[in-house]
> 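Dropping a structure here in C-alpha cells format, bear with me for questions.
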Amino acid sequence: MRIRPLRLSLCFLVSALAVVAAACDESTGLPAPAFTNVEDTVSLFALDGTPLTSPSGYHIQTRQTLRTDQTTNFDFAFNITPAGQAVLLPTGAMGLGSGSGIQVQGVPFDSVKTAPSGAYADTVAVSVDSGTVAVVHSRAAQCVFGAVVFYYGKVQVLTIDTVARRIDFRVLVDQNCGYRDLEPGLPRR
C-alpha cells in the first residue's frame, strides 16, 4: 500500500518537471522570452549642477530614468566631472555596492548582438563621449522563476550637452530575465 502512493507522487513529480523543462530554453535553462527588445532614446542629467527633480539614474530591467535623490534602485548614473568629462557611473563607483557594470565597445551600436559575459567596469566611472557605445548590466536580480541573473542592455551616446549638463543616448534593453540578446525583436532561443 505504501509503494503505490509513493509511485504516484514520483510520477506527478516527473510530469511536473517535464512541463517546467519544456517551458525553458534548452540551451540556457531560461524560460521562453516574453518581452520584445525595442530601442528607446533616453536623457539623463548630471548628478552635480542640475535640479534634484531631474533624473540622473537609469534602471536597466524596467527601462526607467530615476531621480537618484529618491532611490538607489538604479544601475548607472550620469555625471560631468569638474574637468568637464562626461562619465557613466555603475553602482560600485557611487559607493552603492558593486553589482552593475559598464563595458565600452569598439564597434557600432548595431554590431553589438550579444552582451559579453565578463570584463565590465563595476567600481570606477567610465568616460564617454558622443558616439560611445557600451554594454551595461544590471545589479543581480531575482527572476520570477527563482534564478538570480543580470539584465543586459546596450547604449550609444548621441549627444552630451555640457551647458544643460545632459546626456542623450539610445538604448536597447533585453527585459527577458537573464537573456543576453541585444538585437531588436523577440530574443533568439
Side-chain angles (χ1 to χ4, degrees), residues 5-42 44 55 57-68 70-77 88-94 96-105 107-123 126 133-156 169-189:
L6 180 59
R7 184 179 286 162
L8 206 66
S9 296
L10 285 175
C11 289
F12 176 76
L13 180 60
V14 168
S15 296
L17 288 173
V19 169
V20 170
C24 290
D25 179 273
E26 289 98 24
S27 62
T28 64
L30 298 171
F35 298 101
T36 300
N37 296 344
V38 296
E39 285 185 32
D40 295 316
T41 301
V42 175
L44 293 178
Y58 188 78
H59 189 256
I60 295 169
Q61 178 183 356
T62 60
R63 298 176 20 218
Q64 291 183 315
T65 60
L66 300 166
R67 289 176 44 184
T68 58
Q70 293 183 331
T71 183
T72 58
N73 191 27
F74 55 88
D75 297 303
F76 65 89
L88 296 180
L89 300 152
T91 54
M94 297 181 68
L96 299 174
S98 62
S100 64
I102 302 168
Q103 184 185 106
V104 174
Q105 302 291 295
V107 297
F109 183 84
D110 292 331
S111 295
V112 178
K113 308 287 185 191
T114 306
S117 60
Y120 290 85
D122 60 1
T123 59
V126 176
V133 173
V135 174
V136 293
H137 75 70
S138 69
R139 295 179 185 192
Q142 185 166 6
C143 296
V144 292
F145 61 93
V148 176
V149 299
F150 296 110
Y151 289 86
Y152 296 91
K154 61 181 177 178
V155 301
Q156 178 184 17
F169 56 91
R170 75 192 253 209
V171 61
L172 181 142
V173 170
D174 193 329
Q175 291 181 284
N176 295 285
C177 196
Y179 275 74
R180 299 167 112 57
D181 187 31
L182 297 177
E183 295 184 82
L186 198 62
R188 293 169 297 183
R189 296 188 73 185

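The shown structure was predicted, so the numbers you read here are calculated from the model rather than taken from an experiment. This chain uses plain numbering: 1 for the first residue, then up along the sequence.
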> Quick one, V38 and R63 - any side-chain contact, counting heavy atoms below 4.5 Å?
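When only atoms from C-beta onward are counted, R63 and V38 do touch, with a gap below 4.5 Å.
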> With rounding to the nearest 0.5 Å, note down the distance linking CG in D174 to OH in Y152.
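Reported value, rounded in 0.5 Å steps: 10.5 Å.
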> Sort out for me which residue in N37, D110, V135 forms a side-chain contact (heavy atoms from CB on, under 4.5 Å) with L182.
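For L182, the side-chain contact (heavy atoms from CB on, under 4.5 Å) test succeeds with only one of N37, D110, V135, which is V135.
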> In a check of side chain to side chain donor-acceptor pair (under 3.5 Å) between Y151 and each of R139, H59, H137, Q61, which one passes?
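Only one of R139, H59, H137, Q61 forms a side chain to side chain donor-acceptor pair (under 3.5 Å) with Y151, namely Q61.
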> State, to 0.1 Å, how close Y179 and P33 come at their nearest heavy-atom pair, and which atoms those are.
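Looks like OH-CD, 3.2 Å.
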> About how many Å separate OG1 of T62 and CG of N73, when rounded to the nearest 0.5 Å?
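Reported value, rounded in 0.5 Å steps: 7.5 Å.
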> On a heavy-atom basis, which atom in P116 and which in Q103 lie closest, and how many Å separate them?
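Looks like CG-OE1, 3.0 Å.
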> Contact between S117 and R180 at the side-chain level, heavy atoms closer than 4.5 Å - yes or no?
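Sidechains of R180 and S117: in contact.
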> Is Q156 reaching over with its side chain to a backbone N or O of P108, donor-acceptor style, under 3.5 angstrom?
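Here the side-chain-to-backbone pair does not exist.
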> Hey, is the main chain of G101 close enough, under 3.5 Å, to the side chain of D122 for a donor-acceptor pair?
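Checking the backbone N and O of G101 against the side chain of D122, no donor-acceptor pair under 3.5 Å is found.
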> Shortest non-hydrogen contact from V148 to A140?
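Looking at all heavy atoms of both residues, the closest pair is CG1-CB, 3.7 Å.
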> Between G99 and F150, what is the shortest heavy-atom contact and its length?
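Nearest heavy atoms, G99 then F150: O-CE2, 3.6 Å.
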> If every non-hydrogen atom of P90 is compared with every non-hydrogen atom of T123, which pair is closest and at what distance?
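The pair with the smallest heavy-atom distance is CG-N, 4.3 Å.
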> L30 versus C177: any side-chain heavy-atom pair under 4.5 Å?
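They are not in side-chain contact.
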> Look up atom CD1 in I102 and atom CD in Q105, then write down how far apart they are to the nearest 0.5 Å.
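Output value for this atom pair is 12.0 Å.
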> So, does T68 use its side chain to make a donor-acceptor pair with the main chain of G57 at under 3.5 Å?
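Judged by distance alone, no pair lies under 3.5 Å.
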> Identify the heavy atoms of V173 and I60 that sit nearest to each other, and give their distance.
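Minimum heavy-atom separation between V173 and I60: CG1-O, 3.1 Å.
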> Classify the ring geometry between Y58 and F76 as parallel (under 30°), tilted (30 to 60°) or perpendicular (over 60°).
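Tilted.
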> Report the C-alpha distance between V133 and V107 in whole Å, list the side-chain angles of each, state the deciding distance to 0.1 Å, and finish with yes or no for side chain to side chain contact (heavy atoms under 4.5 Å, CB included).
CA-CA 7 Å; V133 173; V107 297; 5.7 Å; no
